[in-house]
Amino acid sequence: MKYWLLKSEPDCFSIDDLAKAKRQTTFWDGVRNYQARNFMRDEMKLGDQAFFYHSSCDEPAIMGLCEIVREAYPDHTAFDPKNDHYDPKSKQADPTWMMVDIRLTKPFTKPLTLEQLKAIPALKEMELLRRGSRLSVQPVTKPQFEAILKLAK
DNA sequence: GCCAACGTTGGC
DNA sequence: GCCAACGTTGGC
């Protein structure tokens, strides 16, 4: 099993939105970065665990834990000219962009803020904390995953 | 709102 | 294939 971190801007889609969704499940659309797509397409498997992270907001933080409930399939929002994430280069017959489905399994009552994460020695090498890191879908190592889960409530 | 870091685009 | 220009991300 692998571990992941997924970024979302809460103004766009927050963990509360996910909590309110049917079966606490959503498709993770809008990823338009090749490295992030490759992680989703090639490495994300059913049952993998993923942290839900709020970015570009007052208090960036890991908000909860999710599970991958469907493996990669074409991101249909790329085909829709009216969608913000429309990409004319992605064709139905040969989709460029993929998405997965995730289900919220454990919203944290006390999210771990970015500030707190930075203070945890076990997370020194974490991708999220790397200077200039922008990857919206990123792998988390098992020790990192466990360190975070131990502190999150 | 600023700006550093990074990815993408396009001319050559 | 190089690289400058540009756009985006995301913390502050």
Side-chain angles (χ1 to χ4, degrees), chain A residues 2-21 26-44 48-68 71-102 104 106-141 143-153:
Chain A
K2 289 203 167 81
Y3 308 96
W4 306 95
L5 182 140
L6 304 173
K7 290 184 190 173
S8 184
E9 298 185 23
D11 286 348
C12 178
F13 187 83
S14 73
I15 192 156
D16 290 334
D17 294 326
L18 180 53
K20 281 184 237 148
T26 190
F27 47 83
W28 202 251
D29 63 314
V31 172
R32 297 292 180 269
N33 168 282
Y34 287 100
Q35 203 182 348
R37 179 209 62 185
N38 291 349
F39 281 133
M40 288 201 299
R41 186 191 62 189
D42 305 334
E43 297 192 43
M44 259 188 199
D48 280 4
Q49 304 292 110
F51 290 120
F52 192 110
Y53 178 80
H54 278 179
S55 67
S56 295
C57 55
D58 283 351
E59 190 144 77
I62 294 181
M63 304 301 294
L65 185 63
C66 299
E67 184 173 324
I68 308 304
E71 294 178 9
Y73 60 108
D75 181 343
H76 59 81
T77 67
F79 307 135
D80 177 6
K82 291 194 290 294
N83 192 285
D84 281 348
H85 302 292
Y86 175 58
D87 180 0
K89 292 192 299 302
S90 184
K91 306 288 180 215
Q92 300 255 6
D94 183 22
T96 307
W97 305 113
M98 298 282 150
M99 60 190 187
V100 298
D101 287 357
I102 62 167
L104 180 63
K106 188 180 178 187
F108 297 152
T109 50
K110 276 201 79 184
L112 273 184
T113 66
L114 179 59
E115 199 183 355
Q116 289 174 302
L117 294 169
K118 284 177 177 169
I120 301 169
L123 303 183
K124 221 161 196 105
E125 307 291 319
M126 194 176 176
E127 168 67 23
L128 182 72
L129 305 182
R130 242 192 60 238
R131 179 178 166 81
S133 168
R134 305 194 320 193
L135 202 52
S136 65
V137 174
Q138 52 179 260
V140 171
T141 67
Q144 289 164 356
F145 177 81
E146 286 168 353
I148 291 165
L149 255 204
K150 200 155 59 170
L151 292 167
K153 296 188 193 88

Donor-acceptor contacts under 3.5 Å from residues 146-153 of chain A side chains, at least two apart:
none

Do A:Trp97 and A:Tyr34 pass the ring pair (Phe, Tyr, Trp, His ring centres under 6.0 Å) test, and can you show the C-alpha distance, the side-chain angles, and the key distance before you say yes or no? CA-CA 8 Å; A:Trp97 305 113; A:Tyr34 287 100; 4.7 Å; yes
Do A:Asp75 and A:Arg32 meet the salt-bridge criterion of a basic N to acidic O distance under 4.0 Å? yes
Under a 4.0 Å heavy-atom cutoff, the residues of residues 127-141 of chain A touching DNA chain B are A:Arg130, A:Arg131, A:Gly132, A:Arg134
Passes side chain to side chain donor-acceptor pair (under 3.5 Å), A:Asp101 versus A:Trp28? Steps please. CA-CA 6 Å; A:Asp101 287 357; A:Trp28 202 251; over 6 Å; no
Between the side chain of A:Ser133 and the main-chain N/O of A:Glu127, is any donor-acceptor distance below 3.5 Å? yes
Parallel, tilted or perpendicular: which fits the ring planes of A:Phe27 and A:His76, with parallel below 30° and perpendicular above 60°? perpendicular
Check every nucleotide of DNA chain C for an atom under 4.0 Å from a heavy-atom of chain A, then give the first and the last such nucleotide from 5' to 3'. C:dG7 to C:dC12
Considering only heavy atoms from C-beta outward, does the side chain of A:Asn38 approach that of A:Glu43 to under 4.5 Å? no
